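Only one structure is covered here, and it is reproduced in the block below.
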Amino acid sequence: MPMTKKNTAKPKEAKPAAGPAKKGPAPINLVRGMKDILPADQPYWDMMRRKADELSKAYGFERIDTPVLEETALFVRGVGKLTDIVEKEMYAFDTVGGEHVCLRPEDTAPIVRSYIQHGMLNLPQPVKLWYLAPMFRHDRPQHGRYRQFWQYGCEILGDSAAVVDAQLIFLAYLFLKELGIESTVQINSIGTPESRANYKNALVSFFRSRRNKLSEEDKKRLLKNPLRVLDSKDPAVMEMKAEAPQIVDWLDEDSKAHFMRVLEFLDEMKVPYELNPYLVRGLDYYTRTVFELYANSGDQDLAQSAVCGGGRYDGLSEVLGGRPTPAAGFAMGLDRIFSLLKEQNVAVAPETADVFVAQLGDQGRKRALAVFEELRKAGIPAGEAFSKDSIKAQMELANKLKVKIVVIIGQKEVLDGTAVIRDMDSGTQEIVDVRKIVHEINKKLGQVQAH
RNA sequence: GUGGCUAUGGUGAAGUGGUUAUCACAACGGGUUGUGGUCCCGUUUUCAUGGGUUCGAAUCCCAUUAGCCACCCCA
């Protein structure tokens with residue numbers, strides 16, 4: 001559906017006698033970066049929603065929904081003022097009441113905000129929460145990257161144990177696996193803010209001495225967020241990286257021990273992972289464990305093959321004005337998983353009715369309405385087209401819906417107190433007592449299933 | 001935000017300067033008013049938008065918009 005007409009303010013009325021009246025106002029299009037999830041794709045989304053619900057519950061998480069709109073300050077402080085998300089990707093605006101608000105770009109900060117505001121520290125710790133909701137970032141759209149995108153995430157607040165990190169990673173891995181997507185975990189530890197600061201200094205002085213080899217982009221990064229230089233795809237930097245100081249060597253003893261324990265648990269749970277000393281995350285709140293999950297299937301070269309990101313964020317609660325609260329979590333990009341599911345042609349069971357209620361004539365229609373309702377109450381979902389008069393059109397529709405049997409009620413049947421039951425595969429029909437319709441249909445469905 | 005590629009009915013395509021723009025699928029209607037899947041007939045809907053070059057533009061040029069790819073960043 002192309003058609004674009006944003007700047008349509010042009011006066012085009014100049015020629016009134018141009019011919020037959022045509023074209024009303026220009027069609028309204030989707031806002032850039034937005035996406036409709038159409039009925040044909042819903043089965044995939046249902047699969048993901050159901051799996052998220054099932055696994056989260058099984059692992060002791062409780063659902064939470066936070067508002068789409070939050071105070072802008074929440075993310076400026078939580079995610080980090082200098083991160084790209086906050087600096088240039090937020091849908092931020094002032095309300096008529098003068099509040100500074102924005103569409104949430106992620107859900108971890110809001111959840112911590114909620115944890116603090118509702119005194120969840122008085123609940124038995126840890127508090128385990130999950131969400132499945134749309135997020136908003138004003139990025140340049142691409143396949144698998146939209147301005148409104150859906151995330152499934154889990155957060156564990158109030159627990160600093162290494163096993164928590166591992167369990168979250170395992171859960172993310174399991175979610176993908178059970179949807180039929182094999183993935184690999186990339187993992188690293190970025191220590192505490194203090195140990196990281198030391199490492200940053202070492203890194204900066206390392207690259208400073210080789211400053212002339214850096215691109216303009218990387219020079220800027222070196223000033224703003226030195227860790228990100230490690231992410232650079234510049235071949236020159238990739239080479240230098242090998243000699244650059246590694247963060248593992250700068251970790252404090254506690255962080256190192258924590259990291260080792262996380263890895264041990266992952267080994268125990270047989271989660272395939274790769275240590276990636278260059279993995280740093282773009283959000284300021286992370287401490288210690290950071291990880292990303294990549295789908296093995298799909299196009300490996302695609303920049304959007306990262307489907308999940310997460311880590312530990314022990315300092316976030318304090319930054320947001322709460323008590324020190326260790327925590328960790330992950331966020332899963334459902335739009336990307338959806339594309340993978342679709343590419344892999346994962347079988348999704350379309351939800352179709354087995355029965356169709358067809359009617360003929362006004363009397364027939366009235367009786368059919370009652371029969372339809374009777375079936376519904378009996379737990380038999382049925383298709384219908386009560387607005388259509390032609391039996392032919394109704395049969396065509398029944399055929400397209402791939403129902404197994406059609407109940408036909410016309411004038412004659414109303415007078416006789418009967419109904420016609422047609423087996424759509426064999427084309428055979430039988431006349432039954434309309435008062436026993438539910439029983440007859442159940443019997444018939446039982447026979448059909450037996451084949 | 002930067003660069004590259006692309007843009008033909010609802011969908012997938014053909015058409016690279018010359019008359020009424022082609023095909024398939026889909027949708028809707030019909031094949032004498034009580035029966036689907038096959039078949040036959042018909043109908044609706046297009047050259048993304050704006051401008052330019054030309055006797056003539058879907059076709060060439062420019063701008064805009066959008067999609068995709070890479071970067072940036074991230075899920």
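Residue numbers begin at 1 in each chain, while the letters A, B, ... track the order of the sequences. As the structure is a prediction and not an experimental result, all values here were calculated from the model.
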Does a side-chain heavy-atom distance below 4.5 Å link [X] with [Y]?
X        : Y        : value
A/Glu71  : A/Arg113 : no
A/Met332 : A/Leu176 : yes
A/Arg32  : A/Arg147 : yes
A/Ile337 : A/Met48  : yes

Would A/Arg210 count as a cation-pi partner of A/Phe206, with NZ or CZ less than 6.0 Å from the six-membered ring centre and within 45° of the ring normal?
->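 Because its charged atom sits under 6.0 Å from the ring centre and within 45° of the axis, A/Arg210 does stack over A/Phe206.
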
Could A/Lys241 and A/Tyr278 be counted as a cation-pi pair, given that NZ or CZ must be under 6.0 Å from the ring centre and within 45° of the axis?
->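 Yes, cation above the ring, under 6.0 Å and within 45°.
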
Taking atom [atom1] in both [N] and [M], what distance in whole Å separates the two?
N     : M     : atom1 : value
B/A13 : B/U8  : P     : 9 Å
B/G67 : B/G29 : C1'   : 35 Å
B/A66 : B/U49 : P     : 15 Å
B/A14 : B/C25 : C1'   : 15 Å
B/A58 : B/A7  : C1'   : 11 Å
B/C74 : B/C5  : P     : 28 Å
B/U35 : B/G30 : P     : 13 Å
B/U16 : B/U59 : P     : 13 Å

Are a donor atom and an acceptor atom from the side chains of A/Ser183 and A/Asn296 found within less than 3.5 Å of each other?
->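 No - no donor-acceptor pair under 3.5 Å links their side chains.
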
I need the [atom1]-[atom2] distance between [X] and [N], as an integer number of Å.
X        : N     : atom1 : atom2 : result
A/Arg145 : B/C74 : CZ    : P     : 10 Å
A/Ile431 : B/G34 : CD1   : C1'   : 12 Å
A/Leu30  : B/U65 : CG    : C1'   : 14 Å
A/Asp389 : B/C28 : CG    : C1'   : 16 Å
A/Tyr91  : B/C74 : OH    : C1'   : 15 Å
A/Arg367 : B/G34 : CZ    : C1'   : 17 Å
A/His143 : B/C71 : NE2   : C1'   : 18 Å
A/Phe75  : B/C74 : CZ    : C1'   : 15 Å

Reckon [X] touches a base, only the sugar-phosphate, or nothing at all at heavy-atom distances under 4.0 Å?
X        : value
A/Gly33  : sugar-phosphate
A/Glu89  : sugar-phosphate
A/Asp84  : sugar-phosphate
A/Phe338 : nothing
A/Ala331 : sugar-phosphate

A/Lys412 or A/Thr83, whichever maps to the more 5' nucleotide of RNA chain B |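 Residue closer to the 5' terminus by nearest nucleotide: A/Lys412.
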
Pairs of donor and acceptor atoms involving the side chains of residues 433-440 of chain A, under 3.5 Å and at least two apart or interchain, shall be tabulated with distances.
from	atom 1	to	atom 2	distance (Å)
A/Asp433	OD1	A/Arg435	N	2.9
A/Asp433	OD1	A/Arg435	NE	3.4
A/Asp433	OD2	A/Arg435	NH2	3.0

Partner nucleotide of B/U2 by Watson-Crick or wobble geometry (both distances under 3.5 Å) |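 In the structure as shown, B/U2 has B/A70 as its Watson-Crick or wobble partner.
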
Less than 4.0 angstrom between a side-chain N/O of [X] and OP1 or OP2 of [N], yes or no?
X        : N     : value
A/Arg32  : B/A66 : yes
A/Gln142 : B/A70 : yes
A/Arg228 : B/C74 : yes

Check nucleotides 2-6 of chain B against the protein and report each pair of N or O atoms closer than 3.5 Å, with its distance, or say if there are none.
from	atom 1	to	atom 2	distance (Å)
B/U2	O4	A/Arg140	NH1	3.0

Taking only residues two or more places apart in sequence, or in another chain, which ones meet A/Arg63 in a salt bridge (charged side-chain N to carboxylate O under 4.0 Å, His left out)?
->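 Per chain and number, A/Arg63 pairs via salt bridge (charged side-chain N to carboxylate O under 4.0 Å, His left out) with A/Asp65.
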
Which residues satisfy the ring pair (Phe, Tyr, Trp, His ring centres under 6.0 Å) test with A/Phe386, sequence neighbours excluded?
->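 By the ring pair (Phe, Tyr, Trp, His ring centres under 6.0 Å) rule, A/Phe386 matches A/Phe372.
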
Sequence-distant partners of A/Phe175, ring pair (Phe, Tyr, Trp, His ring centres under 6.0 Å), two or more places apart =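 For A/Phe175, the residues satisfying ring pair (Phe, Tyr, Trp, His ring centres under 6.0 Å) (neighbours in sequence not counted) are A/Tyr152.
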
What one-letter contact string describes nucleotides 35-40 of chain B from 5' to 3', where B marks a base within less than 4.0 Å of any protein heavy atom, S marks contact via sugar-phosphate atoms alone, and - marks no contact?
-> BBB---

